[in-house]
Number of protein chains: 2
Amino acid sequence: MNHQELIQQTLARLQAEGFKSTLARRATIEALVEATDHLTAPQVVNVVHKHHPNVGRASVYRTLELMAKLGMLQISSLGAATTTYLLTGEGHHHHVICVSCRKTVEFDECVISELEQRLAKEFDFQIEGHLVELYGRCSSCRQ
Amino acid sequence: MNHQELIQQTLARLQAEGFKSTLARRATIEALVEATDHLTAPQVVNVVHKHHPNVGRASVYRTLELMAKLGMLQISSLGAATTTYLLTGEGHHHHVICVSCRKTVEFDECVISELEQRLAKEFDFQIEGHLVELYGRCSSCRQ
DNA sequence: GTATATGCAAAAAGTTTGCACAGTA
DNA sequence: TACTGTGCAAACTTTTTGCATATAC
């Protein structure tokens, strides 16, 4: 699926939930779709402003909040002090993060699915996503 | 292990790394030890100020940063917009978080250990902790 | 046409920094 | 004593809010 399609689909999902398709929302989704990694809110604002200088910062925040509430974003701390956002679905992967130099490496394996199903039953949750991060010390930082 | 012992041990770990044992650090650790759940930085500051009104806010932030760097804290976004901290080790558990009402339930099972060992070898990381969070919609919010 | 959503600007909240002084080792 | 760490206050960054206007449906 290319970017335009993904943007369309994401907007459609918002519409399906009863929210309107607007420029500010499209611009925010655009920024998230183009990102290859987690972005902080101010980073999203920056990207949005590159293409659409007239979109307000508050609208970006409001869109991020809305999408997070709908489970459309993966929210992560990436082991750092700032929250970051990434579109869920597509390119599912997780991170190993060095607590010393903040270097991150990705891995694709996900051992969560069985657990997910068990917990969904146990707590009567409809699971929509998950976050798995490992923290440690990379080889250079252990010297 | 009781609270006092855990505080001592945590301070000792700082000292082992070459950092001094001070009141501000003890107060911060105290707050984290007493917490039964993740705390935001401002919450830690509040607890510290209850017992030690004269400890500066900046010192608490600096201690949190230091401990995070040393891998002594589990950092989590809890699916919300603020970073939270919890002492690692002790009472290891994870959360299922409702993206709609923010209700969280805990679970103890952890399927990460095998994965952890495999990734440690593959990327030459010394893994010190991990974060696993599931996001979804609780039964009441699905009505 | 109507309700939702927006942009702006100001307020609030959270975090970081510089510096003179204090406390640990 | 030497140097790390502190408290304070100010600067800075990030996030939220109120409100008049614009826009999607």
Side-chain angles (χ1 to χ4, degrees), chain A residues 7-8 10-31 38-70 73 75-85 102, chain B residues 7-8 10-31 38-70 73 75-85 102:
Chain A
I7 294 170
Q8 276 317 322
T10 308
L11 271 173
R13 178 150 174 217
L14 281 182
Q15 287 183 285
E17 301 261 5
F19 300 100
K20 294 180 178 169
S21 168
T22 66
L23 174 61
R25 285 175 182 159
R26 165 180 292 274
T28 303
I29 293 168
E30 221 170 276
H38 289 244
L39 295 180
T40 64
Q43 283 173 334
V44 175
V45 170
N46 278 346
V47 176
V48 165
H49 278 172
K50 241 169 231 152
H51 305 322
H52 308 274
N54 44 330
V55 166
R57 185 174 42 247
S59 297
V60 175
Y61 275 90
R62 287 187 277 233
T63 302
L64 289 176
E65 191 192 354
L66 176 63
M67 294 178 68
K69 225 178 187 166
L70 295 174
L73 294 179
I75 299 179
S76 161
S77 66
L78 271 181
T82 324
T83 307
T84 59
Y85 304 85
R102 296 290 168 211
Chain B
I7 294 171
Q8 275 316 323
T10 309
L11 271 173
R13 178 150 174 218
L14 282 181
Q15 287 183 286
E17 301 263 5
F19 300 100
K20 293 179 179 170
S21 168
T22 66
L23 173 62
R25 285 176 182 156
R26 165 179 292 273
T28 303
I29 293 168
E30 221 170 276
H38 290 244
L39 296 179
T40 64
Q43 284 173 333
V44 176
V45 171
N46 278 346
V47 176
V48 165
H49 277 172
K50 241 170 234 153
H51 305 323
H52 308 274
N54 42 330
V55 166
R57 184 172 46 246
S59 297
V60 174
Y61 275 90
R62 286 188 278 234
T63 302
L64 288 176
E65 191 192 353
L66 176 63
M67 292 178 68
K69 226 179 187 164
L70 295 174
L73 295 179
I75 299 179
S76 162
S77 65
L78 271 181
T82 323
T83 307
T84 59
Y85 304 85
R102 296 290 169 211

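Proteins get letters first, then strands, A, B, ... in listed order; numbering begins at 1 in each.
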Protein-nucleotide distance (B/Glu65, atom CD; D/dT6, atom C1'), rounded to Å: 15 Å

Whole-Å distance separating the CG atom of B/Leu39 from the P atom of C/dG14: 13 Å

Test log, rule side chain to side chain contact (heavy atoms under 4.5 Å, CB included), inputs A/Asn54 and A/His52: CA-CA 5 Å; A/Asn54 44 330; A/His52 308 274; 4.0 Å; yes

For nucleotides 2-5 of chain C, which of its nitrogen or oxygen atoms have a protein nitrogen or oxygen under 3.5 Å away, and what is each distance?
from	atom 1	to	atom 2	distance (Å)
C/dT4	O4'	A/Lys20	NZ	3.2
C/dA5	OP1	A/Lys20	N	3.3
C/dA5	OP1	A/Arg25	NH1	3.0
C/dA5	OP1	A/Arg25	NH2	3.4
C/dA5	O5'	A/Arg25	NH2	3.3

Atom-pair distance (CG on B/Leu11; C1' on D/dG5), nearest Å: 14 Å

Side chains of A/Val44 and A/Tyr61 in contact at under 4.5 Å (non-hydrogen atoms): no

Degree of bending in the helix from C/dG1-D/dC25 to C/dA25-D/dT1 once both end axes are built from five pairs, to 10°: 50°

Heavy-atom pair of closest approach, residues A/Val48 and A/Ala27: CG2-O, 3.5 Å

Any B/Tyr61 side-chain nitrogen or oxygen under 4.0 Å from OP1 or OP2 of C/dT16: no

Sub-4.5 Å side-chain heavy-atom contact between B/Val60 and B/His49: no

For A/Gln43, side chain to side chain contact (heavy atoms under 4.5 Å, CB included) partners two or more places apart: A/Leu39, A/Thr40

Spacing between A/Arg62 atom CZ and D/dA22 atom C1', to the nearest angstrom: 13 Å

Phosphate-side-chain proximity, B/Gln15 and C/dA25, N/O vs OP1/OP2 below 4.0 Å: yes

Distance in angstrom units between B/Leu64 CG and D/dT6 C1', rounded: 15 Å

Interatomic distance, A/Arg26 CZ vs C/dG7 C1' [rounded to whole Å]: 19 Å

From CE (B/Met67) to OG1 (B/Thr28), nearest 0.5 Å: 8.0 Å

Residues A/Leu66, A/Leu14; criterion side chain to side chain contact (heavy atoms under 4.5 Å, CB included); working and verdict: CA-CA 9 Å; A/Leu66 176 63; A/Leu14 281 182; 4.0 Å; yes

DNA chain C-proximal residues of residues 52-60 of chain B, any heavy atom under 4.0 Å: B/Arg57, B/Ala58

Contacts of A/Arg26 that satisfy side chain to side chain contact (heavy atoms under 4.5 Å, CB included) - sequence neighbours left out: A/Gln4, A/Ile7, A/Gln8, A/Leu11, A/Glu30

For B/Arg57 against B/Val45, the heavy-atom pair lying closest together: CG-CG2, 3.9 Å

Solution key, residues 17-25 of chain A side-chain donor-acceptor pairs under 3.5 Å, sequence neighbours excluded:
from	atom 1	to	atom 2	distance (Å)
A/Thr22	OG1	A/Arg25	N	3.3
A/Arg25	NH1	A/Lys20	O	2.9

